[in-house]
Amino acid sequence: MSSYVIPPLPQASVPVLGSADRFPVHRIYCVGRNYEEHAKEMGFTGREPPFFFLKPADAVLPVDQGTTGSLPYPSLTANLHHEIELVVAIGKGGKNIKAADALQHIWGYAVGLDMTRRDLQNEMKKQGRPWSIGKGFDASAPIGPITPAAQAGDVANAAIWLQVNGADRQRSTVTQLIWNIAETIEHLSAAWELQPGDLIFTGTPEGVGAVVRGDTLEGGIDGLGTLRLTVA
């Protein structure tokens, strides 16, 4: 039995809807600019090849269904943005997975937020430097319970939305993904061998914007419930 020179940190995990069991998180992959209207609002057009960035596994901020989570306002930023996303939870790993086979690798789905320190991200872009500081900070991946795939309904055609303090900010449908779920898994698994426990944040629709301390965010995806939190 292995021993460690320091105690290992707890396994990052996410609740599972209707179960006391939890989903262990291995890696968090995120797809950039994967809704056409969001790509346009960020200054890009067309169906560019998908690109990816990662967040640390322990960046997850799990929020149980029916509760309100608390999102700490992160350091070093004055421009914290919300990005509501469909999250895909991988249950069966693999590499070079074909789109036609991709859905067999999915354990479930969840509602997630890719929180972004936009000012830091934009500054890194200007300097041509990596922008992990804008995306991969503590608690930057709030997520609701994972719904098993068999119970999730027609995710590919589901509505996706986010309100801040009760007012609409983002509203679209998953059909507007530039690269759909299966295509995203095909591209992603060509670059990394996917593992059970991986989470894929599939991209955000248009309407991203800033939040401040005291704001309440509530977002949802048809069939997957809602994610609600306040900015502390």
Side-chain angles (χ1 to χ4, degrees), residues 9 12 14 25 27-45 48 50-64 67-87 110-144 160-172 176 178 199-221 226-232:
L9 292 173
V14 178
V25 180
R27 290 178 181 167
I28 302 174
Y29 297 98
C30 303
V31 189
R33 296 197 297 264
N34 202 25
Y35 283 79
E36 184 175 0
E37 293 305 315
H38 173 59
K40 289 178 180 177
E41 75 180 354
M42 300 299 286
F44 298 85
T45 58
E48 62 182 346
F51 69 94
F52 307 97
F53 59 91
L54 286 86
K55 293 176 183 270
D58 62 359
V60 289
L61 176 64
V63 181
D64 286 313
T67 67
T68 301
S70 179
L71 173 68
Y73 196 94
S75 61
L76 304 180
T77 184
N79 195 17
L80 177 65
H81 276 210
H82 58 75
E83 299 189 9
I84 190 73
E85 309 210 2
L86 168 68
V87 181
V111 182
L113 280 165
D114 167 18
M115 301 304 296
T116 303
R117 295 193 279 205
R118 190 73 73 199
D119 44 1
L120 299 185
Q121 182 193 32
N122 288 342
E123 183 59 31
M124 292 301 103
K125 285 181 178 179
K126 288 178 186 176
Q127 297 182 33
R129 294 177 176 177
W131 31 272
S132 295
I133 194 170
K135 288 287 193 178
F137 53 93
D138 296 340
S140 61
I143 186 170
I160 179 171
W161 56 273
L162 178 80
Q163 294 182 331
V164 178
N165 301 325
D168 269 15
R169 285 281 188 92
Q170 297 183 262
R171 191 168 289 276
S172 187
Q176 298 302 306
I178 296 172
L199 298 177
I200 304 170
F201 281 62
T202 57
T204 194
E206 70 275 12
V208 302
V211 293
V212 298
R213 292 175 178 86
D215 281 349
T216 297
L217 290 70
E218 185 167 10
I221 298 171
T226 59
L227 170 62
R228 180 183 170 89
L229 49 83
T230 57
V231 183

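These values consider heavy atoms only, across backbone and side chains, with no hydrogens, waters or symmetry-generated copies. All residue numbers in this chain count up from 1 along the given sequence. Not measured: the values here are computed from a predicted model.
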Handout entry: Ile28 vs Val60 side-chain heavy atoms within contact, under 4.5 Å
Key = yes
Handout entry: Considering all heavy atoms, the nearest Trp131-Met124 contact
Key = CB-CB, 3.8 Å
Problem - For the student: nearest non-hydrogen atoms of Trp161 and Ile221, plus distance - result: NE1-N, 4.3 Å
Handout entry: With Val111, the side chain to side chain contact (heavy atoms under 4.5 Å, CB included) member among Ile84, Leu86, Val87
Key = Ile84
Exercise for the section: State, yes or no, whether a side-chain contact exists between Val231 and Leu217 at a heavy-atom distance under 4.5 Å. Expected result: yes
Problem - Nearest non-hydrogen partners of Gly144 and Val14, listed with the distance - result: O-CG1, 3.5 Å
Problem - Point-to-point distance, once rounded to the nearest 0.5 Å, from CD of Glu36 to CD1 of Ile178 - result: 6.0 Å
Practice task
Mark yes when over 12 heavy atoms from residues, nucleotides or ligands other than Asn165 sit less than 6.0 Å from its CG; otherwise mark no.
Solution key: yes
Practice task
Drop me the distance from Phe201's CZ to Phe53's CZ, to the nearest 0.5 angstrom.
Solution key: 9.5 Å
Exercise for the section: Please tell me if the side chains of Asp215 and Thr230 come closer than 4.5 Å, counting only heavy atoms from C-beta onward. Expected result: no
Exercise for the section: For Glu48 and Arg33, run side chain to side chain contact (heavy atoms under 4.5 Å, CB included): C-alpha distance rounded to whole Å, both residues' side-chain angles, the deciding distance at 0.1 Å, then the answer. Expected result: CA-CA 9 Å; Glu48 62 182 346; Arg33 296 197 297 264; 3.1 Å; yes
Problem - Leu229 and Ser70, any side-chain heavy atoms less than 4.5 Å apart - result: no
Handout entry: Nearest heavy atoms of Arg213 and Tyr73, plus distance in Å
Key = NH2-CD2, 3.5 Å
Practice task
Decide yes or no for Val164 and Val211: does some side-chain heavy atom of the first lie under 4.5 Å from some side-chain heavy atom of the second?
Solution key: yes
Problem - Any side-chain heavy-atom pair of Leu120 and Leu76 under 4.5 Å - result: yes
Practice task
Would you kindly say whether Ser172 and Glu206 are connected by a side-chain donor-acceptor distance under 3.5 Å?
Solution key: no
Problem - Ala78 backbone acceptor or donor facing Asp119 side chain under 3.5 Å - result: yes
Exercise for the section: Would you mind reporting whether Leu54 and Cys30 have side-chain heavy atoms less than 4.5 Å apart? Expected result: no
Handout entry: Step-by-step side chain to side chain contact (heavy atoms under 4.5 Å, CB included) determination, Arg117 to Lys135
Key = CA-CA 7 Å; Arg117 295 193 279 205; Lys135 288 287 193 178; over 6 Å; no
Completion exercise
Taken to the nearest 0.5 Å, the spacing of Glu85 CD from Thr202 OG1 works out to 6.0 Å
Practice task
Please identify each residue that fulfils side chain to side chain donor-acceptor pair (under 3.5 Å) with Thr68, with sequence neighbours left out.
Solution key: Arg228
Practice task
Tell me yes or no: between the side chains of Gln170 and His82, is some donor less than 3.5 Å from an acceptor?
Solution key: yes
Problem - Any residue meeting side-chain contact (heavy atoms from CB on, under 4.5 Å) with Pro56, in chain and number order, not counting sequence neighbours - result: Asp58, Ala59
Handout entry: CG-CG distance between Leu71 and Leu113, expressed to the nearest 0.5 angstrom
Key = 8.0 Å
Problem - 4.5 Å side-chain heavy-atom contact, Lys55 and Tyr29 - result: no
Handout entry: Lys/Arg-Asp/Glu bridge criterion (N-O < 4.0 Å) met for Glu83, Arg169
Key = no
Exercise for the section: Decide yes or no on side chain to side chain contact (heavy atoms under 4.5 Å, CB included) for Leu162 and Glu218, but give the supporting numbers first. Expected result: CA-CA 6 Å; Leu162 178 80; Glu218 185 167 10; 5.9 Å; no
Handout entry: Thr204 and Asp114: CA distance, side-chain angles, deciding distance, side chain to side chain contact (heavy atoms under 4.5 Å, CB included) verdict
Key = CA-CA 8 Å; Thr204 194; Asp114 167 18; over 6 Å; no
Completion exercise
The reported gap from CD in Gln176 to CG in Asn34 (rounded to nearest 0.5 angstrom) is 11.5 Å
Exercise for the section: Find the distance between CZ (Arg118) and CD (Glu123) and round it off to the nearest 0.5 Å. Expected result: 14.5 Å
Problem - Heavy-atom pair of closest approach, residues Gly69 and Val63 - result: N-CG1, 3.6 Å
